[in-house]
S.K.: 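Just passing along the structure, written as structure tokens.
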Amino acid sequence: MGYKVGSGIDEYISNLSNLAVEADEIGKRAVYDGMAVVANAIRSNIGGIPTGTGKDGKITPEEKAGLAAGLGISRIRINGGYIDAKTGFAGSTDGRSNASIARQVEGGTSKIQKRPFVGTAGRQAKAGAEAAIAKTIEEEINKRMK
């Protein structure tokens with residue numbers, strides 16, 4: 001018994017093969033788009049951090065500006081079949097690393113009041129990030145399958 005296949009099958013198979021070859025790049029692009037949603041949520045939460053003199057349990061306005069300026073997304077990497085990315089803080093403000101300032105604000109210290117802004121942003125942005133990832137993957141697949 002045989003099956004008759006339409007004339008477009010060769011093109012369809014070729015598109016599927018190309019899609020398989022480009023799967024990692026599509027995944028990286030999608031993860032980056034999802035991380036951008038998370039980074040924007042963190043940046044928004046940075047705006048809500050109260051400022052002060054630095055000795056009153058609050059960070060200075062310069063440190064707050066440094067957090068916003070230093071926020072970024074790491075390189076996208078593939079580790080053991082998983083596509084990984086992180087958000088973090090680069091640079092320094094007034095001789096203190098922005099990563100250290102963020103850690104102190106997030107968890108609190110004896111001198112700085114605890115004001116979680118990274119973890120809450122991640123939880124708030126999870127659904128939006130997942131939607132951005134799904135949208136990017138769908139768009140990239142549709143581009144290649146037409």
S.K.: Under 3.5 Å, which donor-acceptor pairs do the side chains of residues 124-137 form with other protein atoms, sequence neighbours left out?
M.R.:
from   : atom 1 : to     : atom 2 : distance (Å)
Thr136 : OG1    : Asp33  : OD2    : 2.6
Thr136 : OG1    : Ala132 : O      : 3.0

S.K.: With a 3.5 Å cut-off and sequence neighbours excluded, list the donor-acceptor pairs that the side chains of residues 66-82 form with protein atoms.
M.R.:
from  : atom 1 : to    : atom 2 : distance (Å)
Ser74 : OG     : Lys86 : N      : 2.9
Ser74 : OG     : Lys86 : O      : 3.4
Asn79 : ND2    : Asp84 : OD2    : 2.8

S.K.: Quick one: hydrophobic cluster around Val21, which other residues, with the 4.5 Å side-chain cut-off, linked directly or via members?
M.R.: none
S.K.: Please list, chain by chain and in numerical order, all residues satisfying side-chain hydrogen bond (donor to acceptor under 3.5 Å, both in side chains) with Thr120, sequence neighbours excluded.
M.R.: Asn45
S.K.: How would you list, by chain and number, every residue that makes a side chain to side chain contact (heavy atoms under 4.5 Å, CB included) with Thr109, sequence neighbours excluded?
M.R.: Gln104, Lys111, Ile112
S.K.: Would you list the pairs meeting salt bridge (Lys or Arg N to Asp or Glu O under 4.0 Å) in which at least one residue belongs to residues 38-65, sequence neighbours left out?
M.R.: Glu63-Arg96
S.K.: Under 3.5 Å, is there a donor on one side chain and an acceptor on the other for Thr93 and Asn98?
M.R.: yes
S.K.: Does Glu25 have any salt bridge (Lys or Arg N to Asp or Glu O under 4.0 Å) partners at least two apart in sequence or in another chain, and if so, which?
M.R.: Lys28
S.K.: Applying side-chain hydrogen bond (donor to acceptor under 3.5 Å, both in side chains), name anything that partners Glu22, two or more places apart in sequence or on another chain.
M.R.: Arg144
S.K.: Quick check for you: to the nearest 0.5 Å, what is the distance between Ile42 atom CD1 and Phe89 atom CZ?
M.R.: 6.0 Å
S.K.: Please list, chain by chain and in numerical order, all residues satisfying side-chain hydrogen bond (donor to acceptor under 3.5 Å, both in side chains) with Gln113, sequence neighbours excluded.
M.R.: Arg115
S.K.: Please name all residues satisfying side chain to side chain contact (heavy atoms under 4.5 Å, CB included) with Glu106, sequence neighbours left out, ordered by chain then number.
M.R.: Pro116, Phe117, Val118
